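Notes for the one structure printed next.
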There are 2 protein chains.
Amino acid sequence: MPITMDDIARLSGVNKSTVSRALAGNATVAPGTRARIEEIVRKHGYVVNQAARGLRMQRSMLIAVLIPLQHDRQQPLSDPFFMEMLGYLADSVTLHGYDLMLSKIATGSAQWLTKFQRSRRADGLILIGQSLEHAHIAEAAKTGIPLVVWGAKLPRQGYVTVGSDNIAGGSLAAAHLLAGGRRRIAFLGDPRLPEIAQRHEGYMRAHTQAGVRPDPNLTLKAGFAPDEARAAVELLLARGNAFDGIVAASDVIALAALQVLSARGMAIPREVAVVGFDDVGLAAHTQPALTTVRQEIRTGAQLLTKALLAKMEGGIARSSQIAPTLMVRESS
Amino acid sequence: MPITMDDIARLSGVNKSTVSRALAGNATVAPGTRARIEEIVRKHGYVVNQAARGLRMQRSMLIAVLIPLQHDRQQPLSDPFFMEMLGYLADSVTLHGYDLMLSKIATGSAQWLTKFQRSRRADGLILIGQSLEHAHIAEAAKTGIPLVVWGAKLPRQGYVTVGSDNIAGGSLAAAHLLAGGRRRIAFLGDPRLPEIAQRHEGYMRAHTQAGVRPDPNLTLKAGFAPDEARAAVELLLARGNAFDGIVAASDVIALAALQVLSARGMAIPREVAVVGFDDVGLAAHTQPALTTVRQEIRTGAQLLTKALLAKMEGGIARSSQIAPTLMVRESS
DNA sequence: TTGTACGCGTTATCAA
DNA sequence: TTGATAACGCGTACAA
């Protein structure tokens, strides 16, 4: 049985409230008493019980990163973009005295977000990606514990987002290929996701500006998982529509494309140029090195943390969009 | 102010203990009362407060992954090995109803591990790597909340580890290069870390078996951070001792070697063959693709979780070692 | 400067 | 089958 504040109090010959005050750095505690208490605390290695403290103070010093699982598929956490974001988030919340909590949540279940909020497991929460849950997020943001989202900025969304300017990003990618003379550029991604829809929008705009009409048959729905992405590329090939470029909605998808095309003996970038999205660490090392639209993940993590903390302190926070940049490498 | 169990009780016309029982699935609650309570709960979207529940039950349903920060350097969480491990851990603890908590801890501070245990922030904890803290870990494992470690198996260690057979791994790497005719093989890694020391031990043994005497000048201390690793390779080159192979203690270090050597115009693997350690996702995509010793991260995460849960349930757990395998690619 | 007493929101024990 | 009551370990008015 662990030692409690009451034990320390008894050993120090004071009341536990005095111990509490001493440990909290309260100035009203007499120097002598404080010294005595601290000595006993050190000697017994006493540490304040965070569960009790959390209940009393109504805060856990925990920030949750929620991972929405689509239709509770047994999908492992693997996308390097997500993992990199997680790493940077851990860094920035630690800087502010919080710990990070990771929770995989089945989005199928009703009210998953609100339920999490009410469970009071954390003081604030961060969602990576809107998934298909825009409405539910907007609803949840109104009432429960503070919430910020990495994702697309939508009109009148009712919650704070931090994210890249996805339209600009999609446009950057497509314009680059068009400038290189490509005229039949495929787009691979799931347009049901707001971020991807915007990247596709950018892809369309770049075509318009270049006076090129994109072939709708070249836009294919592709999930983020490597196997889904590969399947999409296979499908693209199977359809038989000629293409000389690919704008992928993420680096993982682009990588899948690189692999499938190489396996078919197609020359990259000569026959098909490929542009990814994210610029994960991997991107610079693929063969050929991947041209991609860089998202500022670290900055994003810092902005998310800042916005969340602002809301947690009762202030307001505004959504922000980060300008993406094109990293030209060998695949285009 | 959020709704509490008392509120639900009042609205249902019963005592809160009945509500608690109903929500816990306790069979002694009359079907009618239960239905009434559930209806009210649903209608108001009531969710049990986990802070209170945790205090009362003495468990948080949280498993902590502690990240030891050496001399509290502002180092970001970046090693892909660690991030991949984290992802798999999240998967496996979720399977058992727990959430993951990530905490960066300065190992400099006295008793950091014991302090964390006593804070009761989590029900169990996982350490990735022994760092330089073998003694403290052994001490902490005796008393506080259950604890398991990913790392090297040491004699009479007094705590449970899961890890690769590092001696075999180091041996695999060196033997492969020796078999390829290399005779002056460098080793890059920090031998103060138990895992790395064992990999180096394997490297030595392979040399002995091949009847080759390794040059001690070719063993260099290299940290896991990319810049430290690059500095080590630069140092190796600056020293001027000839070498025709490198055994790196991690893929990140191997990658740094690939970069530095390529920048110097050295041909890999013709002039220098490189073998890494980990087989992170990146390894298959470097240029040239990295030959490396594969650690079974996913299996490791599952074994760690299993061992920890066993201890948390009051049972016993044994250390386990996982056989590594050599993935031969283009860098050797 | 310190002590008393209460409450944070649950679950568990014991009666009824 | 349900209710009253006491913890769980702490922080904080308020009183002394």
Side-chain angles (χ1 to χ4, degrees), chain A residues 1-38 40-41 44-62 115-123 144-145, chain B residues 1-38 40-41 44-62 115-123 144-145:
Chain A
M1 48 233 63
I3 187 168
T4 74
M5 198 176 266
D6 250 327
D7 299 326
I8 298 296
R10 201 167 321 111
L11 292 165
S12 316
V14 295
N15 187 278
K16 76 176 169 188
S17 33
T18 304
V19 175
S20 176
R21 282 187 284 251
L23 264 37
N26 191 316
T28 71
V29 178
T33 339
R34 151 164 293 130
R36 205 166 64 247
I37 292 173
E38 281 173 351
I40 307 258
V41 163
H44 291 78
Y46 168 75
V47 179
V48 174
N49 180 318
Q50 295 300 316
R53 180 168 217 274
L55 176 59
R56 174 65 233 225
M57 310 275 286
Q58 301 281 50
R59 45 184 235 166
S60 59
M61 298 310 283
L62 241 41
K115 276 188 181 161
F116 185 88
Q117 287 177 300
R118 300 198 174 165
S119 76
R120 296 267 148 181
R121 292 210 77 164
D123 299 338
I145 62 168
Chain B
M1 48 234 60
I3 187 167
T4 75
M5 199 175 265
D6 248 328
D7 299 327
I8 299 297
R10 199 167 323 112
L11 292 166
S12 317
V14 295
N15 187 280
K16 70 177 168 187
S17 22
T18 303
V19 175
S20 177
R21 282 187 285 252
L23 263 37
N26 191 314
T28 71
V29 177
T33 356
R34 150 163 294 129
R36 203 166 66 248
I37 292 172
E38 282 172 351
I40 307 257
V41 163
H44 291 80
Y46 167 75
V47 178
V48 174
N49 180 319
Q50 295 299 316
R53 179 170 218 271
L55 176 59
R56 175 66 231 222
M57 311 269 291
Q58 303 280 48
R59 39 182 239 170
S60 58
M61 298 310 282
L62 240 42
K115 275 188 183 161
F116 185 89
Q117 287 177 301
R118 299 199 175 163
S119 76
R120 297 265 149 183
R121 292 210 80 164
D123 299 339
I145 63 169

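Bear in mind that the values here come from a model prediction, so they are computed numbers and not experimental data. We name chains A, B, ... by the order of the sequence lines, and we start the count at 1 in each one.
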Give a yes/no answer on whether the side chain of [X] brings an N or O atom under 4.0 Å of OP1 or OP2 in [N].
X        : N      : answer
B:Arg120 : D:dG9  : no
A:Tyr46  : D:dG9  : no
A:Gln58  : D:dG11 : no
B:Arg53  : C:dG9  : no

What is the distance, to the nearest angstrom, from the [atom1] atom on [X] to the [atom2] atom on [N]?
X       : N      : atom1 : atom2 : result
A:Met5  : D:dT12 : CE    : P     : 10 Å
B:Gln50 : C:dT11 : CD    : P     : 9 Å
A:Leu55 : D:dG11 : CG    : C1'   : 11 Å
B:Ile3  : C:dG9  : CD1   : P     : 12 Å
B:Arg59 : C:dT11 : CZ    : P     : 11 Å
B:Asp6  : C:dG7  : CG    : C1'   : 12 Å
A:Arg10 : D:dG9  : CZ    : C1'   : 13 Å
A:Arg34 : C:dT2  : CZ    : C1'   : 13 Å

I'd like a table of atom pairs between the protein and nucleotides 12-16 of chain C - only N or O on both sides, under 3.5 Å - with the distance next to each one.
{"residue": "C:dA12", "atom": "O4'", "partner": "B:Arg56", "partner atom": "NH2", "Å": "3.1"}

Could you state the interatomic distance from [atom1] ([X]) to [atom2] ([Y]), rounded to the nearest 0.5 Å?
X        : Y        : atom1 : atom2 : value
A:Arg53  : A:Arg59  : CZ    : CZ    : 7.0 Å
B:Asn49  : A:Arg121 : CG    : CZ    : 11.0 Å
B:Ile37  : B:Arg21  : CD1   : CZ    : 9.0 Å
A:Tyr46  : A:Leu23  : OH    : CG    : 6.5 Å
A:Gln58  : A:Ile145 : CD    : CD1   : 12.0 Å
B:Ser119 : B:Lys115 : OG    : NZ    : 11.0 Å

| Member of A:Val14, A:Ile3, A:Thr18 meeting the side-chain contact (heavy atoms from CB on, under 4.5 Å) criterion with A:Ile8 |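 Exactly one pass, corresponding to A:Ile3.
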
| query | For A:Asn26 and A:Thr28, does a side-chain donor sit closer than 3.5 Å to a side-chain acceptor? | reply |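 On atom types as modelled, these side chains qualify, holding a pair under 3.5 Å.
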
| message | Do A:Asn15 and A:Ser17 pair up side chain to side chain, a donor and an acceptor below 3.5 Å, judged on atom types alone? | response |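 A:Ser17 and A:Asn15 do have a side-chain donor-acceptor pair below 3.5 Å.
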
| Which part of the nucleic acid, if any, lies within contact of B:Thr28, taking any heavy atom under 4.0 Å across all strands shown: a base, the sugar-phosphate backbone alone, or nothing? |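 Touches a base.
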
| Base, sugar-phosphate, or nothing for B:Thr4, non-hydrogen atoms under 4.0 angstrom? |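 Since only primed, P, OP1 and OP2 atoms lie under 4.0 Å of B:Thr4, the category is sugar-phosphate.
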
| query | For the helix from C:dT1-D:dA16 to C:dA16-D:dT1, how many degrees between its two end axes (five pairs per end), to the nearest 10°? | reply |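 If I round to tens, the end axes sit 40° apart.
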
